[in-house]
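All of these numbers come straight from a predicted model, not from anything done at the bench.
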Amino acid sequence: LLHTEETCLITNFFVHTLFQYSQSCDIIIRISSFKRSETAVEKIRRNERMSAMMKILSASPNRIFTLSYFCDMFGAAKSTMSEDIDILRDVVKTFHLGELETVTGAAGGVRYRAKVDRAAALDYINSLCERLSGENRVLPGSFLYYSDILSAPQIVQRMGEILATEYYEQAPDFVLTMETKGIPVALMTANALGVPLVIARRSSKVYEGSAVNINYVSGSSGNIETMSLSRRAVKEGQRALIIDDFLANGEAIEGLRSIVAQAGCELVGAGVCVEKGFQPGGRKLREEGVKVVSLAIVDAIEDGHIRLRDD
């Protein structure tokens with residue numbers, strides 16, 4: 001930590017560097033408990049305080065922290081904390097680290113959102129599309145292999161942040177997915193939105209209590225399968241965002257839509273990792289007014305090669 005009087009430039013660089021390493025190396029900032037004395041308060045310098053604030057905010061995306069929360073933690077005045085937040089906001093914006101937003105009103109404060117701007121999102125998705133277009137991705141039956149992508153933590157975290165960016169304004173209360181392959185991306189999306197992840201299972205479990213159960217036709221196998229959602233997992237009137245790994249004919253998402261409706265909840269949209277654009281699922285959902293965001297759209301699978309949509 002710096003031991004000289006910091007400047008805004010040095011502070012900005014310090015916070016940016018610490019933010020990046022705290023995400024990639026799991027650096028944990030621990031704020032030692034201390035007595036609220038003049039001597040103890042003086043020991044917390046601005047660069048220390050701002051580094052801790054950034055870690056706290058980024059570790060709980062979309063959660064509103066009041067100024068009083070940080071004032072009590074650091075023993076600082078609200079005017080001081082407001083100045084710190086203004087500097088952090090500039091740092092986050094300059095280095096494209098997301099968005100730091102001040103929320104007004106009685107329950108107001110400051111929150112961090114892991115927003116990804118459109119240019120950065122497109123660059124990242126293009127890099128994923130290059131991987132999807134690689135050799136040996138197409139399996140017999142025109143199935144697409146991408147389990148290696150869905151099992152890479154850093155990749156699915158970024159995918160979740162991109163999907164969450166598209167739905168912040170819809171303010172979902174929970175993210176809903178079907179077990180099992182869609183869980184990693186759904187979890188990262190829920191984390192970025194700061195909401196719970198709810199998983200619809202293939203059969204009801206006694207230990208989860210009463211459940212909403214529906215039958216649907218599996219697009220991959222053609223068999224009739226069951227989808228089950230515990231009634232304890234959601235509350236009537238909540239807003240649901242569906243996240244799934246794949247969209248072809250749309251049977252799974254239609255099943256999830258039915259479960260959302262039967263639970264008395266409202267659907268705000270659906271996000272998927274890969275969509276088969278030459279099959280009707282995505283088109284049908286959009287025609288019915290559902291906001292569908294697909295990270296990659298496959299327009300054709302020909303002779304073992306994948307043709308992805310440019311836009």
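By the rule that hydrophobic residues join a cluster once side-chain heavy atoms approach within less than 4.5 Å of another member, Tyr124 and Phe95 end up as members of separate clusters. There is a path of hydrophobic side-chain contacts, each under 4.5 Å, that joins Ile155 to Leu150. Hydrophobic clustering (ILVMFWY, side-chain heavy atoms < 4.5 Å, transitive): Ile87 and Met54 are in one cluster. No chain of hydrophobic side-chain contacts below 4.5 Å, direct or via other Ile, Leu, Val, Met, Phe, Trp or Tyr residues, connects Leu97 to Met188. Leu176 is connected to Val290 through a chain of hydrophobic side-chain contacts under 4.5 Å among Ile, Leu, Val, Met, Phe, Trp and Tyr, so both are in one cluster.
By the 4.0 Å N-to-carboxylate-O rule, Asp173 lies too far from Arg239 to be salt-bridged with it. Ion pair Arg89/Glu99 not flagged as a salt bridge, since none of the NZ, NE, NH1 or NH2 atoms sits closer than 4.0 Å to an Asp/Glu carboxylate oxygen. The pair Asp299-Lys276 fails the salt-bridge criterion, with no side-chain N (NZ, NE, NH1 or NH2) lying under 4.0 Å from an Asp/Glu carboxylate O. Look at Glu161 and Arg158 and you find a salt bridge, because one of the NZ, NE, NH1 or NH2 atoms lies within 4.0 Å of a carboxylate O, short of that distance. Between Arg257 and Glu288 a salt bridge is recorded (basic side-chain N to carboxylate O distance below 4.0 Å).
The heavy-atom pair separating Gly160 from Thr189 by the smallest distance is CA-OG1, 3.4 Å. Among all heavy-atom pairs drawn from Tyr167 and Lys291, the shortest one is OH-O, 2.9 Å. Between Lys55 and Ser58, the closest heavy-atom pair is O-OG, 3.2 Å. Taking every heavy atom of both residues into account, Leu197 and Ala186 meet most closely at CD1-CB, 3.6 Å. Annotation for Ala296 and Cys129: closest pair CB-SG, 4.0 Å, computed over non-hydrogen atoms. When all heavy atoms of Leu57 and Phe65 are compared, the closest pair comes out as CD2-CD1, 3.5 Å.
Summarising the geometry, atom OG belonging to Ser68 is positioned 10.5 Å from atom CE belonging to Met81; distances are rounded to the nearest 0.5 Å. Taking CE of Met50 as the reference point, atom CG of Leu88 lies at 4.0 Å (rounded to 0.5 Å). Atom OG of Ser258 is separated from atom OH of Tyr216 by 11.5 Å, given to the nearest 0.5 angstrom. In this structure, CZ on Phe74 lies 6.5 Å from CD1 on Ile44, to the nearest 0.5 angstrom. The line from CD of Glu236 to CD of Glu266 is 12.5 Å long, rounded to the nearest 0.5 Å. Atom CD1 of Ile214 is separated from atom CD of Glu254 by 9.5 Å, given to the nearest 0.5 angstrom.
A cation-pi arrangement, defined by a distance under 6.0 Å to the six-membered ring centre and an angle within 45 degrees of its axis, is absent between Lys181 and Phe246.
Annotation: side chain of Val110 is not in contact with side chain of Ile64 (no heavy-atom distance under 4.5 Å). Looking at Val272 and Leu295, their side chains never come closer than 4.5 Å, going by heavy atoms from C-beta outward. Leu132 places a side-chain heavy atom less than 4.5 Å from the side chain of Tyr146. Looking only at side-chain heavy atoms (C-beta outward), Asp245 and Val185 stay at 4.5 Å or farther from each other. Looking at heavy atoms from C-beta onward, Arg46 lies in side-chain contact with Asp84 at the 4.5 angstrom threshold. For the pair Thr226 and Arg201, the minimum side-chain heavy-atom distance is 4.5 Å or more. Looking at heavy atoms from C-beta onward, Leu247 lies in side-chain contact with Leu285 at the 4.5 angstrom threshold. Counting heavy atoms from C-beta on, the side chains of Arg111 and Arg113 come closer than 4.5 Å.
A distance-only check finds a donor-acceptor pair linking the side chain of Asn62 to the backbone of Leu193 [under 3.5 Å]. The closest donor-acceptor contact from the side chain of Asp117 to the backbone of Ala119 lies under 3.5 Å. With hydrogens and angles disregarded, a donor-acceptor distance shorter than 3.5 Å links the side chain of Gln238 to the backbone of Lys235. Listed for the Arg137 side chain is a donor-acceptor partner under 3.5 Å among the backbone atoms of Tyr145. Judged purely by atom type and a 3.5 angstrom limit, Thr177 has no side-chain atom pairing as donor or acceptor with the backbone of Asp244. Judged by distance alone, with hydrogens and angles left aside, the side-chain atoms of Glu83 form no donor-acceptor pair with the main-chain N or O of Thr80 at under 3.5 Å. Ser230 places a side-chain N or O within 3.5 Å of a backbone atom of Glu208 that can act as its donor or acceptor partner. At least one donor-acceptor pair closer than 3.5 Å links the side chain of Arg202 to the backbone N or O of Glu179. Remark: the backbone N or O of Ala114 is paired with a side-chain donor or acceptor of Tyr168 at under 3.5 angstrom. A donor-acceptor pair is defined here as one N or O able to donate and one able to accept, closer than 3.5 Å; no such pair exists between the side chain of Thr94 and the backbone of Val91.
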Report task. Show the numbers, then the answer: is there a side-chain contact (heavy atoms from CB on, under 4.5 Å) between Met73 and Met53? Result -> CA-CA 10 Å; Met73 176 176 289; Met53 286 174 62; over 6 Å; no
Query - Check against side-chain contact (heavy atoms from CB on, under 4.5 Å), Val138 and Ile306 - result: CA-CA 8 Å; Val138 180; Ile306 301 166; 3.6 Å; yes
Query - side-chain contact (heavy atoms from CB on, under 4.5 Å) assessment of Val212 paired with Ser228 - result: CA-CA 6 Å; Val212 177; Ser228 177; over 6 Å; no
Report task. Let me see the working for Ile259 and Met227 under side-chain contact (heavy atoms from CB on, under 4.5 Å), right down to the final yes or no. Result -> CA-CA 8 Å; Ile259 274 192; Met227 191 179 294; 3.5 Å; yes
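Between Pro172 and the options Val268, Ile242, Ile243, a side-chain contact (heavy atoms from CB on, under 4.5 Å) holds for only Val268.
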